[in-house]
Each structure stands twice: as structure tokens, then as C-alpha cells.
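Just so we're on the same page: letters track the sequence lines, and every chain starts at 1.
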2 protein chains.
Amino acid sequence: MTYHHGNLRSALLDRAATVIAEEGIEALSLRALARDLGVSHAAPGRHFKDRADLLAALAAEGHRRMTAALNAAVAAAGDDPVARYNALGREVVAFSMRHPAYFQVTQHPEVERHSDPSLMAARQAFGDTVRAAAAAAQAAGWRPDEDLEALQLFSTAAALGAASVLMRQSKFAGRPTVELLAIAGRVIDLVIPPSLEALRQES
Amino acid sequence: MTYHHGNLRSALLDRAATVIAEEGIEALSLRALARDLGVSHAAPGRHFKDRADLLAALAAEGHRRMTAALNAAVAAAGDDPVARYNALGREVVAFSMRHPAYFQVTQHPEVERHSDPSLMAARQAFGDTVRAAAAAAQAAGWRPDEDLEALQLFSTAAALGAASVLMRQSKFAGRPTVELLAIAGRVIDLVIPPSLEALRQES
DNA sequence: TCGCGATGTTGTCAGTGACAACATGAAGAT
DNA sequence: ATCTTCATGTTGTCACTGACAACATCGCGA
């Protein structure tokens with residue numbers, strides 16, 4: 001019988017994402033992951049310093065995937081900076097529905113306390129993407145007199161907050177994703193209109 | 001030596017709030033609470049069915065305290081429904097800073113999955129307070145054409161999301177509370193202006 | 001004074017995380 | 001082909017945890 005799994009680190013991360021999506025972060029157990037993957041209880045310790053280290057790695061990957069998705073959504077939205085930031089906000093919620101485990105782990109307070117370089121770098125890149133899009137929208141005419149830090153806090157809080165509430169409030173459970181995305185879209189439109197043209201018509 | 005603590009349930013909840021504020025929810029341990037309070041490891045089991053039950057009780061208390069604080073803030077804001085809802089939003093963030101443990105436990109996904117009747121009632125009362133204030137603000141002229149469910153999601157996501165981000169993002173750590181409340185105030189003003197008069201001047 | 005329920009206690013079991021020491025596999029150097 | 005080294009498995013152990021059982025004490029009401 002072979003001792004070498006060959007790809008255990010990736011398998012642990014993938015399996016962890018499945019468990020988190022199904023049962024939540026607190027249900028994650030290194031020993032259970034090892035059992036699921038057919039290795040001994042100490043094998044995960046060869047790839048991750050401890051349970052927090054695995055969660056940090058998963059959160060780093062989550063941030064990277066989310067940043068990539070946001071950049072893709074922004075690029076697909078054309079040249080209008082207001083439409084681009086609106087698309088970014090909608091993609092935050094869409095991403096959380098496509099990847100509940102990655103989203104949850106990026107937002108979990110236990111993980112945020114972990115000072116892992118890879119995670120901090122991924123978080124920084126996420127912040128840079130949001131900041132650049134917010135600054136461009138403001139420069140184009142959205143809330144020009146507002147402090148950018150407050151604008152950023154406002155828009156990320158609304159998008160991340162809406163994603164979290166839609167994910168876990170029982171009143172939204174069971175509703176079709178397309179309906180939840182529509183509600184989220186209206187929330188994002190309250191944050192920033194869907195286009196510069198729409199912004200001009202508001203004023 | 002007396003066997004009867006006399007007030008163990010309350011002491012457990014108080015001590016749990018302290019541990020959560022200092023170390024986070026995942027650091028909470030029933031045995032450690034029992035040690036801290038000088039009782040045996042099984043004593044907490046006489047007051048709470050399990051660890052999740054204690055967290056649910058703490059979250060129920062957190063919701064009750066937050067609802068009371070929101071109602072007080074709304075009442076203190078006078079008769080203008082727009083000013084009242086703005087004050088409610090600011091109080092969400094102020095409460096989270098005064099009572100970090102209660103706030104965290106009300107927002108924790110692990111706790112939200114717990115179907116405890118007292119917690120669900122407290123959550124319902126919180127939702128009723130927010131819904132009533134949002135409906136009154138809308139009736140007075142704030143976003144009159146918008147779906148109330150989307151408006152509510154927008155405003156609660158922004159307020160709760162801002163509170164969470166200010167609490168745990170390292171870029172805000174160490175800043176004086178008065179400064180964080182000022183940033184939060186600007187975020188809430190972006191959700192809803194501070195008065196009906198200010199709302200009229202925007203249009 | 002007695003009985004009963006509330007609320008403590010000691011004890012046990014299974015699971016966990018973390019770590020140590022040992023075992024195997026793969027890759028590179030000779 | 002062989003040897004060495006590092007990566008990555010293994011078994012084992014310890015302390016802590018949650019949960020539960022059985023027993024012990026306390027307080028209150030009859």
C-alpha cells in the first residue's frame with residue numbers, strides 16, 4: 001500500500017471547502033478531513049501548521065478567487081466607471097452564492113485574526129481592486145464630495161453585508177438564486193446606480 | 001463549603017461575554033468558564049443544554065439589548081422619521097463598540113443556525129423595530145418607489161456590515177472610538193440622510 | 001421533619017488538536 | 001545501481017474538550 005497521497009494539500013483544501021459549505025466552519029475537523037481522504041490523523045500536520053493555518057490558506061484562496069471574479073465582472077461591464085463599480089458589487093453577492101465556503105471563510109472573524117502572509121497579501125489585492133474601482137467611480141461623478149474611505153466602507157459593508165444576510169437569514173432560505181440576485185441587485189443600485197447615465201438622471 | 005453558587009447561569013453568561021470580547025467566540029469553552037467561576041466542569045450543564053445553547057442564550061440577550069438601544073436612539077431622535085432611522089443606523093455601530101461580545105454573538109453564523117425559541121423571538125423583535133422605522137422613513141419620503149424588503153436589506157446590511165468591518169479590519173484597529181463613530185456616521189448618512197430636511201435638499 | 005426538585009459533584013467516554021518519534025517514498029547526486 | 005536527504009507519510013501519546021451518567025448537597029414547600 002502506497003504511503004504517498006501525492007496531492008494531499010490540495011485535497012485537504014477541497015474537502016475542507018465542501019465540509020464548510022455543508023456544515024459550517026466550526027464543524028471543520030482536521031481528523032475528519034484525514035479520515036475522509038484515507039490518510040492518518042497526523043498527515044494534515046505535514047501540510048498545515050494547525051487548523052487555523054488551513055483556514056487561513058482557504059481564506060487566501062477565497063480572496064484570490066473573489067478578486068479574480070470581481071476583476072472579470074468589472075472588465076465585462078464596459079468603460080463606464082459607475083457601471084463597473086455597480087457590477088463589482090453584484091459580483092460580490094454572486095460569488096458568495098457560487099462559492100459559499102470560500103466566501104464564509106474570507107469573512108469569518110476567527111480567520112481574520114490570523115496573520116498569515118499569503119492571506120494578508122490576498123486580502124490586500126482584494127482591497128486594491130475595490131479601492132481602484134471606487135476611486136474611478138467617484139472620479140466619474142459618483143458621490144464626488146464624499147470621503148473615499150467612508151465611500152469604500154459604505155459600499156463594501158453593503159455588498160458583503162447583503163451577501164452574508166442573504167446566505168444565512170432564514171427568511172431568504174429556499175428562495176431561488178435568481179430571485180436573491182435580483183434583491184441584491186436592487187441593494188447595489190441603492191449604493192451606486194447601474195450607469196453614469198442613470199446617476200445623471202438621479203440628480 | 002457551599003455547593004450552591006446561587007447565580008451561576010448569569011455568571012456564566014457574563015463571563016462568556018468577557019471571554020468572547022477578549023478572545024473571540026471560538027475560544028469559548030464551557031470547562032474554562034466553569035474553572036473561572038470556581039465550579040465543577042459539569043455545572044454549566046445544569047443551566048445550558050450544551051455550548052450552542054449558551055451561545056444562543058447570549059445571542060438572545062444581545063438582540064434584546066440591541067433592540068432596546070435602537071428603540072432608545074429612535075425615541076431620542078425626535079419626530080422626524082428620516083432622522084429616527086438615521087439614528088437607528090448609527091446606534092447599531094455604537095452598540096457594537098460598547099458591547100462587542102453581544103454584537104459578535106448575534107452576528108455569528110454558528111449561532112444563527114441554532115433554532116432556540118428565545119433567540120428567534122428576540123431576533124423577531126429586532127427585525128420588527130428595524131422594519132417599523134424603515135417603513136416610517138419611507139412613508140415620510142425616503143426612497144418612496146423602492147421595494148421595502150430591498151430597502152431593509154440595504155440599510156441593515158450597510159449598518160451591520162460597517163459595524164463588523166470596523167470591529168475587525170486591522171486598518172481600523174487602534175483608532176479612537178469617536179473617529180470610528182464619525183466614519184460610521186458618514187456611512188449611515190450615505191444610506192439615509194440625517195433628516196427629512198436634508199433629504200429634501202438632496203433631491 | 002421530610003420529600004422533591006434544583007443544582008451542584010465526581011467520573012467516564014469519545015473526539016479533538018498538537019506534537020514526538022519512527023517509517024516510507026521520491027528525487028537528486030555519485 | 002546505490003546512497004543520502006528531504007518530503008511526507010505512519011503510530012503513539014497527552015491534554016483538553018463536550019456530553020452524559022450517577023451520585024451528593026441545598027433550598028424550599030408541605
Side-chain angles (χ1 to χ4, degrees), chain A residues 1-20 22-59 105 108-116 118-119, chain B residues 1-20 22-59 105 108-116 118-119:
Chain A
M1 177 195 288
T2 182
Y3 255 37
H4 239 261
H5 183 281
N7 199 28
L8 186 56
R9 187 176 192 282
S10 290
L12 285 164
L13 290 170
D14 287 345
R15 182 66 199 157
T18 300
V19 169
I20 289 168
E22 288 171 4
E23 302 169 51
I25 287 168
E26 64 285 345
L28 190 77
S29 148
L30 294 179
R31 288 202 182 212
L33 294 180
R35 270 197 308 278
D36 292 343
L37 296 171
V39 294
S40 71
H41 61 269
R46 291 300 180 191
H47 300 277
F48 302 99
K49 181 171 167 300
D50 51 23
R51 181 180 183 273
D53 196 30
L54 186 149
L55 283 173
L58 209 56
V105 82
H108 203 276
E110 178 179 352
V111 179
E112 301 227 13
R113 274 193 282 279
H114 198 286
S115 57
D116 173 86
S118 176
L119 172 55
Chain B
M1 176 193 292
T2 183
Y3 253 40
H4 241 263
H5 183 280
N7 198 28
L8 185 57
R9 186 177 194 280
S10 290
L12 285 164
L13 290 169
D14 288 346
R15 180 66 196 158
T18 300
V19 170
I20 289 169
E22 288 172 4
E23 303 170 51
I25 287 166
E26 64 286 343
L28 190 77
S29 147
L30 293 180
R31 287 202 183 212
L33 293 181
R35 271 199 307 276
D36 292 343
L37 296 172
V39 293
S40 69
H41 61 269
R46 291 301 181 192
H47 300 276
F48 303 100
K49 182 173 167 296
D50 51 24
R51 180 179 184 272
D53 197 31
L54 186 148
L55 283 173
L58 208 59
V105 82
H108 203 276
E110 179 180 351
V111 177
E112 301 225 15
R113 274 193 282 277
H114 199 286
S115 56
D116 174 84
S118 177
L119 171 56

Side chains of [X] and [Y] in contact at under 4.5 Å (non-hydrogen atoms):
| X | Y | value |
| --- | --- | --- |
| A:L58 | A:V111 | no |
| A:L8 | A:H47 | yes |
| B:E110 | B:R51 | yes |

Closest non-hydrogen atom pair between B:L13 and B:A57, with its separation: CD2-CB, 4.1 Å

Closest heavy-atom pair and its distance - B:D116, B:A56: CB-CB, 3.9 Å

How long is the line joining [atom1] of [X] and [atom2] of [N], in whole Å?
| X | N | atom1 | atom2 | result |
| --- | --- | --- | --- | --- |
| B:R51 | C:dG15 | CZ | P | 19 Å |
| A:L54 | C:dG17 | CG | P | 10 Å |
| A:D53 | C:dA18 | CG | C1' | 13 Å |
| A:F48 | D:dA7 | CZ | C1' | 15 Å |
| A:R35 | C:dG15 | CZ | P | 7 Å |
| B:L55 | D:dA19 | CG | P | 10 Å |
| A:D50 | C:dA20 | CG | P | 14 Å |

Atom pair CG (B:L28) and CG (B:L33), whose distance is rounded to the nearest 0.5 Å: 5.0 Å

From OG1 (A:T18) to CD (A:E23), nearest 0.5 Å: 10.5 Å

A:N7 side chain vs A:S10 backbone, donor-acceptor pair below 3.5 Å: no

Nucleotides 7-12 of chain C: protein proximity per nucleotide (B base, S sugar-phosphate only, - neither; heavy atom, under 4.0 Å): BBBBBB

Sub-4.0 Å heavy-atom contacts from residues 22-30 of chain A onto DNA chain D, ordered by number: none

